[in-house]
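Order of the sequence lines fixes the chain letters, A, B, ..., with proteins taken first and strands second; residue numbering starts at 1 for each chain.
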There are 2 protein chains.
Amino acid sequence: MTDYSHYAATQHPAVALSIPDLETRTTGREPADIRLWLRMLSCCTLIENEVRSRLRSEFQTTLPRFDLMSQLTHAPKGLKMSELSRLMMVTNGNVTGITDQLEKDGLVERMKDDGDRRSSLIRLTMKGRRYHRRMQRAHETWIQSLLGGLAPAARNTLFDLLGDLKQATYSRLPAA
Amino acid sequence: MTDYSHYAATQHPAVALSIPDLETRTTGREPADIRLWLRMLSCCTLIENEVRSRLRSEFQTTLPRFDLMSQLTHAPKGLKMSELSRLMMVTNGNVTGITDQLEKDGLVERMKDDGDRRSSLIRLTMKGRRYHRRMQRAHETWIQSLLGGLAPAARNTLFDLLGDLKQATYSRLPAA
DNA sequence: TATTGTTATACTCTATAACTATA
DNA sequence: TATAGTTATAGAGTATAACAATA
């Protein structure tokens, strides 16, 4: 049993702002799941668009590139392509492409020192580590600014509920 | 003041499944906002990947195309390109491209009957309406299946919290 | 002058599938 | 046979900016 009672009601207008976006197409007559999905999707799209835009204008890079580097920061010894693929939720070929670009820019390197000679370990170079650190600091600031309007208690409840949702969804995937 | 007390704790394992995904890179030492964002993003990516894949395999179409048609279903008189752009949260040029494809397939049509001769109204054709209805039914089933593991009370709370988040985020966008 | 929509350009990401070299 | 990674292919979305027609 999980207790969400630490969450206290937030103070906000009774009527949500009517902002035209992906959720607008709902009329209220749709199943609750559809409305929930479209609302969550518009939240994500809103933030993602903003982050993509700032990564481009301030760091001349993209979200997948930043994500790949972020995954590597917690693996000093490096990660295999297949591990990156699973972590980033994209296919193997895509990871090869993104890695190629980052390698060309000297931000990551392929290490051929595994016991298994089919695979290689990808890891950040020094330059990559420095570059990522700068981006990460900015990224944290952006996210905190964008999500900062939500009260801490609400944020905690949301975090827990999304954890439940994620677990439930995973278990309902056809593959799973 | 909003009351979320209708939400009752869900029953689930105390320890969340350790699934490797976008959220995995968090260590617990990141700011709460970052962890929340990555968790929400992995929820969305999970569902989006699944929906994209099924739209492709079962209906030979894409998510943006389905989204554009969905927007039109609630506007019998049609929508302007600029309205679609805002609703779909993408740029004007993109909407032109997606509309071109749908028009070529006879699913939407451009109507030049506005007072403003610069703009046109896009609306679903009969064929488009029928086609969309089939997709929408399937889409509802998919989403209900994917989100169905979450208890109704949890789902309601999540819906409300995401509403708060969306509103807060909108008001914190640089443009806003 | 500003706005609506289109076009042109160039790039990034994407899935799929065939391929290689290992295991 | 199975797996790790690459390559080839094709396509789909994206931003940006220049453009024409109209307001």
* Single-linkage hydrophobic cluster, 4.5 Å side-chain cutoff, Met111(A) and Met81(A) together -> no
* hydrophobic_cluster_shared for Met88(A) and Leu121(A), side chain cutoff 4.5 Å -> no
* Using heavy atoms and a sub-4.0 Å distance, could you list which residues of residues 76-95 of chain A are near DNA chain D? By number, please. => Lys80(A), Met81(A), Ser82(A), Asn92(A), Gly93(A)
* From dA23(C), dA23(D), dG13(D), pick the nucleotide closest to the side chain of Arg117(B)? -> dA23(D)
* Between Lys166(B) and Asp21(A), is the closest basic N to carboxylate O distance under 4.0 Å? -> yes
* Heavy atoms under 4.0 Å, any strand shown: does Thr96(A) hit a base, just sugar-phosphate, or nothing? -> base
* To do: Assign Arg52(A) to base, sugar-phosphate, or nothing according to its heavy-atom contacts below 4.0 angstrom with the strands shown.
  => nothing
* **Short side-chain N/O contact to dC13(C) OP1/OP2 from Gln101(A), under 4.0 Å** => yes
* To do: Answer with base, sugar-phosphate or nothing: what part of the nucleic acid does Ser53(A) contact at a heavy-atom distance below 4.0 Å?
  => nothing
* To do: Measure from NZ on Lys112(A) to P on dG5(D) and round the result to the nearest Å.
  => 8 Å
* Structure fact -> Asp105(B) atom CG is separated from dA12(D) atom P, nearest whole Å, by 10 Å
* Side chains of Asp116(A) and Lys80(A) in contact at under 4.5 Å (non-hydrogen atoms) -> no
* Asked: Does NZ or CZ of Arg54(A) lie under 6.0 Å from the centre of the six-membered ring of Phe66(A), at an angle within 45° of the ring axis?
  -> no
* Set of salt bridge (Lys or Arg N to Asp or Glu O under 4.0 Å) partners for Arg129(A), sequence neighbours left out -> none
* **Whole-Å gap separating P (dT12(C)) and CG (Leu68(A))** => 15 Å
* Asked: Would you call Ile47(B) and Leu147(B) a side-chain contact if the rule is heavy atoms closer than 4.5 Å?
  -> yes
* Asked: From dA15(C), dT14(C), dT7(D), pick the nucleotide closest to the side chain of Arg56(B)?
  -> dA15(C)
* **Rounded interatomic separation in angstrom, taking CG from Leu55(A) and C1' from dT12(C)** => 14 Å
* **Minimum-distance nucleotide to Asp100(A) side chain [options: dT7(D), dG5(D), dA23(D)]** => dT7(D)
* Specify the separation, in whole Å, of atom CG of Leu63(B) and atom C1' of dA15(C). => 15 Å
* **Integer-rounded Å distance: dT14(D) C1' and Glu50(A) CD** => 16 Å
* To do: Measure from CD on Gln60(A) to P on dC11(C) and round the result to the nearest Å.
  => 15 Å
* Whole-Å distance between dA4(D) C1' and Arg110(A) CZ? -> 12 Å
* To do: Please state whether the base of dT3(C) and the side chain of Arg118(B) form at least one donor-acceptor pair under 3.5 Å?
  => yes
* Verify the contact: side-chain N or O of Arg54(B) to OP1 or OP2 of dA15(C), cut-off strictly under 4.0 Å; return yes or no. => no
